[in-house]
> 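Here you go, one structure.
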Protein chains: 2
Amino acid sequence: MSRQPSKTANIREIARRAGVSIASVSRALNGKPGISEALRERILTISRDVEYRPSAAARQLISGKAAVVGISLGRRDFELRPYYILLYQHLTVALHRQGMVPIFFAHDRTATLPEQAGAAILLGEFADDPRPALMRSHRVPFVRIGLAGEGFSVAPEDRHGIYLATRHLVEKGRRHIAFVGDELTSPHSQHRLGGYRQALDEAGFEAELIDIPPNLDPALTGYRWLSRRLEREPRAYDGLVCETDELARGCLTALEDHGLSVPGEVAVTGFDDLPTLAEGLTTVRQDIAGIAAMSVELLGEAQASKPPRHVSMPVELVVRETS
Amino acid sequence: MSRQPSKTANIREIARRAGVSIASVSRALNGKPGISEALRERILTISRDVEYRPSAAARQLISGKAAVVGISLGRRDFELRPYYILLYQHLTVALHRQGMVPIFFAHDRTATLPEQAGAAILLGEFADDPRPALMRSHRVPFVRIGLAGEGFSVAPEDRHGIYLATRHLVEKGRRHIAFVGDELTSPHSQHRLGGYRQALDEAGFEAELIDIPPNLDPALTGYRWLSRRLEREPRAYDGLVCETDELARGCLTALEDHGLSVPGEVAVTGFDDLPTLAEGLTTVRQDIAGIAAMSVELLGEAQASKPPRHVSMPVELVVRETS
DNA sequence: CTGAAAGCGCTTACAG
DNA sequence: CTGAAAGCGCTTACAG
């Protein structure tokens with residue numbers, strides 16, 4: 001906004017400033033061997049100073065195989081959830097910044113990814129997911145988002161986030177705190193559930209789980225489930241730790257329809273901090289843009305055959321009106 | 001799948017086959033002047049034969065301004081709806097086929113689009129939407145999806161689709177058919193509502209509208225609304241024409257919870273034919289991939305300053321178990 | 001009307 | 001470790 005878009009500096013400009021050849025700059029930038037550490041450092045610094053952005057076009061032209069990154073969406077239309085849309089959004093931006101081009105693949109189209117893309121980002125992984133093996137057999141470098149595992153991966157601190165939310169409710173004096181989750185046996189839920197259990201253990205309280213069957217509409221399903229529960233026992237809980245903001249919204253609506261005040265009689269927390277959806281909701285914020293950027297960074301490492309690693313992205317408790 | 005990906009023919013290959021220079025091929029392909037009609041025809045024929053695909057990378061490299069297309073999402077987190085995700089998916093693929101690169105812009109980030117992209121696709125337009133004016137003032141060619149209007153646009157046959165669904169219920173012998181919509185006063189709803197009214201008029205029945213307030217979770221909101229209505233008057237309707245599959249899902253659940261059989265006592269239709277969500281649901285199918293492809297085609301026309309046009313994409317009634 | 005050549009920004013053998 | 005040069009596919013002055 002403030003600064004001129006300016007003809008973004010290219011490799012030649014960096015070479016000029018560093019007083020070296022463009023070949024050296026290219027090597028430094030791409031982490032290729034055959035260059036001294038000192039020179040690499042100097043070049044990297046300069047490229048940062050001039051806010052160098054590689055030209056996707058040029059890279060693609062050379063590689064023939066365009067710098068196309070296939071973004072493989074999750075099974076069971078998990079991908080049709082708000083959280084993922086935000087992720088897509090940031091992923092397209094983060095990839096473009098690095099001169100890469102995104103193409104989306106519905107889960108059942110992922111078999112065609114290797115022939116159209118040179119790298120992949122896997123979303124919504126599940127148990128026995130065939131995609132990692134597929135990528136390996138086609139030698140497609142990939143990063144997965146959401147779960148730690150073999151190879152490169154990025155995930156928010158699920159466990160810690162739920163731990164923070166639960167402990168927050170304990171500190172607020174809540175004693176009957178239930179955990180509301182969607183398919184609690186899934187590996188993904190396991191982490192969040194773990195954080196809940198830990199906080200309750202520390203407080204010496206009993207855990208109580210509300211396991212919503214996997215569903216396309218968590219808010220509606222959560223609403224119905226909680227409504228039935230409250231009909232039988234209106235005072236069952238004074239705190240609800242929800243696995244997602246959507247689930248929290250469903251619970252909030254059910255509480256309202258049953259005349260229970262929030263946070264007076266029941267406190268509620270969510271997870272994700274989605275725009276609009278999390279308005280007024282105490283929740284755990286994920287840095288979705290950060291996750292996207294980190295994924296792309298790791299993808300670069302994967303393409304450079306560096307040793308795999310998992311990165312855990314920090315989360316943050318955001319206290320609003322529901323607790 | 002069947003044919004080898006094969007190194008796609010390039011401009012040089014076409015020149016070789018035609019026995020001319022690559023400059024002539026380029027001119028022919030791009031409709032540039034300075035080439036005889038006869039030669040142009042010959043070259044065009046050959047390029048068709050070899051299924052020539054221009055290299056986006058090379059073109060971008062030259063134009064400097066990359067073929068970056070900003071996809072601007074709608075207001076109020078409309079974009080967080082399943083339908084749009086499918087659209088994004090097909091849009092990324094369609095753009096890539098034409099050598100263009102997608103970047104997503106959240107609605108409130110659209111102001112930054114002109115400096116980052118050379119063209120735009122606008123989704124989820126609303127009344128007094130400032131985006132078209134913004135694009136014009138920055139001379140960014142654009143296409144909008146979802147509503148006819150000035151300039152280029154693509155939309156499914158909303159009106160006709162709902163007309164088909166409503167007439168279908170009439171033919172099935174339904175007499176008390178209500179229309180369930182989300183924010184019925186919006187321009188988008190107007191079209192669908194029009195199709196409903198037309199079919200009822202033809203049958204000589206009374207229209208009845210169920211207007212769900214605009215909401216982040218249509219399924220839940222529709223569920224609650226219908227539940228209350230059914231508590232007062234269980235036999236109020238024998239047919240429900242829903243504006244979207246999501247709304248239909250909410251209604252179906254409400255009917256189930258009230259012990260009403262579908263389609264025995266009440267028939268239900270949706271709109272969109274979303275995967276999983278529309279399973280077993282009688283609905284109106286949109287050709288989302290077709291809409292995406294057409295948008296990209298029109299974008300090409302917009303960039304070439306051709307006269308603006310609106311394209312209406314056909315829809316199709318899909319009869320399943322709920323009617 | 002047609003062609004030979006330069007050049008877009010980058011990577012990568014090939015020399016040194 | 002470092003550099004000069006070729007080349008990815010295309011467009012566009014510049015000559016003819």
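Only this structure's heavy atoms are used, side chains among them; waters, hydrogens and symmetry mates stay out. Just so it is clear: chains get the letters A, B, ... in the order the sequence lines come, proteins before strands, and each one is counted from 1. Everything quoted here is computed from the prediction, not taken from an experiment.
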> Kindly say if A:S55 contacts the phosphate of C:dG9, meaning a side-chain N or O under 4.0 Å from OP1 or OP2.
no
> Any heavy-atom pair between the side chains of B:T276 and B:L274 that's under 4.5 Å?
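Heavy-atom side-chain distance check fails, nothing below 4.5 Å.
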> OP1 or OP2 of C:dC8 less than 4.0 angstrom from a side-chain nitrogen or oxygen of A:N10, does that happen here?
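So the side chain of A:N10 is outside the cut-off, no N or O lying under 4.0 Å from OP1 or OP2 of C:dC8.
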> List in chain and number order the residues that pass side chain to side chain contact (heavy atoms under 4.5 Å, CB included) with A:L39, two or more places apart in sequence or in another chain; answer none if no residue qualifies.
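In terms of side chain to side chain contact (heavy atoms under 4.5 Å, CB included), with neighbours along the sequence ignored, A:L39 is linked to A:V20, A:S24, A:I35, A:S36, A:R42, A:I43.
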> Just to be sure I understand: a Watson-Crick pair is purine N1 to pyrimidine N3 plus N6-O4 or O6-N4, both under 3.5 Å. Using that and G-U wobbles, which stems of three or more pairs involve DNA chain D?
C:1-3 with D:14-16, C:5-12 with D:5-12, C:14-16 with D:1-3
> Roughly, in whole Å, what's the span from CG in A:N30 to P in C:dG9?
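For the pair A:N30 CG and C:dG9 P, the rounded distance is 17 Å.
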> Give every donor-acceptor pair under 3.5 Å between a side-chain atom in residues 291-302 of chain A and any protein atom, sequence neighbours left out.
residue: A:S295; atom: OG; partner: A:I291; partner atom: O; Å: 2.6
residue: A:E301; atom: OE1; partner: A:R309; partner atom: NE; Å: 3.0
residue: A:E301; atom: OE2; partner: A:R309; partner atom: NH2; Å: 2.8

> Measure CD/A:E37 against P/D:dC1 and give the value in whole Å, please.
9 Å
> Write down the distance between CD1 (B:I14) and C1' (D:dC10), rounded to a whole number of angstrom.
12 Å
> Rounded to whole angstrom units, what separation is found between the CZ atom of A:R12 and the C1' atom of C:dC10?
9 Å
> Side chain of A:Y52, heavy atoms from C-beta onward: which of D:dC10, D:dT11, C:dC10 has the nearest atom to it?
C:dC10
> Send over the distance from A:L61 CG to D:dC10 P, rounded to a whole Å.
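Distance, rounded to whole Å: 9 Å.
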> Phosphate oxygens OP1/OP2 of C:dT11: is one of them under 4.0 Å from a side-chain N or O of A:K32?
no
> Once ring pair (Phe, Tyr, Trp, His ring centres under 6.0 Å) is applied, do any residues pair with B:F105, and if so which ones, sequence neighbours excluded?
none
> Taking side chain to side chain contact (heavy atoms under 4.5 Å, CB included) as the test, write out the residues that go with B:N30, two or more places apart.
B:S26, B:K32, B:R59
> At a cut-off of 3.5 Å, list every protein nitrogen or oxygen paired with a nitrogen or oxygen from nucleotides 2-4 of chain C, distance to 0.1 Å.
residue: C:dT2; atom: OP2; partner: B:S36; partner atom: N; Å: 3.1
residue: C:dT2; atom: OP2; partner: B:S36; partner atom: OG; Å: 3.3
residue: C:dG3; atom: OP2; partner: B:S21; partner atom: N; Å: 3.1
residue: C:dG3; atom: OP2; partner: B:S21; partner atom: OG; Å: 3.2
residue: C:dG3; atom: OP2; partner: B:S24; partner atom: OG; Å: 3.0
residue: C:dG3; atom: N7; partner: B:R27; partner atom: NH2; Å: 2.8
residue: C:dG3; atom: O6; partner: B:R27; partner atom: NH1; Å: 3.3

> Who passes side chain to side chain contact (heavy atoms under 4.5 Å, CB included) against A:P132, sequence neighbours left out?
A:L122, A:E125, A:D129, A:R136, A:F142, A:R144
> Holding to salt bridge (charged side-chain N to carboxylate O under 4.0 Å, His left out), I want the full list of residues that pass it with A:R17, two or more places apart in sequence or in another chain.
A:E13
> What about A:Y88 and B:Y88, are their ring centers closer than 6.0 Å?
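No: the rings miss the under 6.0 Å criterion.
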> Which residues pass the side chain to side chain donor-acceptor pair (under 3.5 Å) test with B:S153, sequence neighbours left out?
B:H310
> Without decimals, in angstroms, what is the distance between A:R16 CZ and C:dG9 C1'?
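My rounded result for the distance is 16 Å.
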